[in-house]
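Throughout, a chain's letter reflects where its sequence line sits, starting with A, and its residues are numbered from 1.
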Amino acid sequence: MPASDDAYARIFRAVEAIPRGRVSTYGRIAARAGLPGRARQVGFALRSLGDGSVPWHRVVNAGGRLSVVGEAAVIQRRRLLAEGIRFDAHDRIDLERFGCDLAGPTAASPPPARSSGPAVPSRRPTPRRRAG
DNA sequence: GCAATGACATTTT
DNA sequence: TAAAATGCCATTG
């Protein structure tokens, strides 16, 4: 049991705040949790979780790569792919597209599609509406 | 309390 | 882009 148990709770809250189909960085989570500069502790907290209700797999390092090693890396990557996250040829994630700021209520809003961009990771490939 | 470690971030080369 | 070095600080032994 870590001494900063309260801090851990805040971290988990920030992690859970990450919308599906997006990822965030440790530094970002730490900042949202009110722990600017404790990016490392974020990862430490997630590690302590193991398999919990916290979507830890949506947390990657500033390089958009998986800092985890071993089985966790497989699990994380597996889940990210399942959520629509795409990996670069170097097993990296484009934070410009999938990285969410979590800096405000607009974090849940999809980023502006760039020209010739690969488009937003829409969860609904067939957005057909019901004929009311 | 000290020394070593770590799921990081940033800067420089 | 990749690799190395440095800063940061809680956790662990």
Closest of B:dA7, C:dC9, B:dC8 to the A:Ala39 side chain is B:dC8
Between CZ of A:Arg10 and C1' of C:dA10 the distance, given in whole Å, is 17 Å
In short, A:Asn61 meets A:Tyr26 closest at the heavy-atom pair N-CE1, 3.5 Å
I'd like to know if the side chain of A:Arg32 reaches the main chain of A:Ala14, judged simply by a donor and an acceptor atom lying under 3.5 Å from each other, with no hydrogens or angles considered.
no
Original post:
Taking only side-chain nitrogens and oxygens of A:His90, does any of them come within less than 4.0 Å of OP1 or OP2 of C:dA2?
Top reply: yes
Item to check | Stepwise side chain to side chain contact (heavy atoms under 4.5 Å, CB included) check, A:Ile11 with A:Arg38 | outcome: CA-CA 10 Å; A:Ile11 294 173; A:Arg38 276 64 142 184; over 6 Å; no
A:Leu35 atom CG is separated from C:dA10 atom P, nearest whole Å, by 9 Å
A:Arg47 side chain near C:dT11 phosphate (N/O to OP1/OP2, under 4.0 Å)
no
- [ ] May I ask you to say what A:Gly27 touches in the nucleic acid, namely base, sugar-phosphate or nothing, with a heavy-atom cut-off under 4.0 Å?
- [x] sugar-phosphate
Whole-Å distance, A:Glu71 CD to B:dA7 C1', equals 14 Å
To the nearest angstrom, the CD1-P distance between A:Ile11 and B:dA7 comes to 14 Å
In whole angstroms, the gap separating C1' of B:dC8 from CZ of A:Arg32 amounts to 17 Å
Of the candidates C:dA2, C:dT11, B:dA7, the side chain of A:Ser67 sits closest to B:dA7
Are A:Ile75 and A:Leu49 connected in a single hydrophobic cluster, I mean Ile/Leu/Val/Met/Phe/Trp/Tyr linked by side-chain heavy atoms less than 4.5 Å apart? yes
A:Leu46 atom CG is separated from B:dG6 atom P, nearest whole Å, by 17 Å
| task | Describe the nucleic acid contact of A:Tyr26 in one word from base, sugar-phosphate, nothing, applying a heavy-atom distance below 4.0 Å. | result | base
Note: for A:Asn61 and A:Gln41 on DNA chain B, the residue whose nearest nucleotide lies more 5' is A:Gln41
From the list A:Arg78, A:Glu83, A:Gln76, side-chain hydrogen bond (donor to acceptor under 3.5 Å, both in side chains) with A:His57 holds only for A:Glu83
With the side chain defined as heavy atoms from C-beta on, A:Arg40 is closest, among C:dG7, B:dA9, B:dA7, to C:dG7
A:Arg38 atom CZ is separated from C:dG7 atom P, nearest whole Å, by 17 Å
Atom CZ of A:Phe44 and atom P of C:dC8 are separated, to the nearest Å, by 20 Å
Please determine whether a side-chain nitrogen or oxygen atom of A:Tyr8 lies at a distance below 4.0 Å from atom OP1 or OP2 of C:dT11.
yes
Could you tell me whether A:Arg92 contacts a base, only the sugar-phosphate backbone, or nothing, with contacts defined as non-hydrogen atoms closer than 4.0 Å? sugar-phosphate
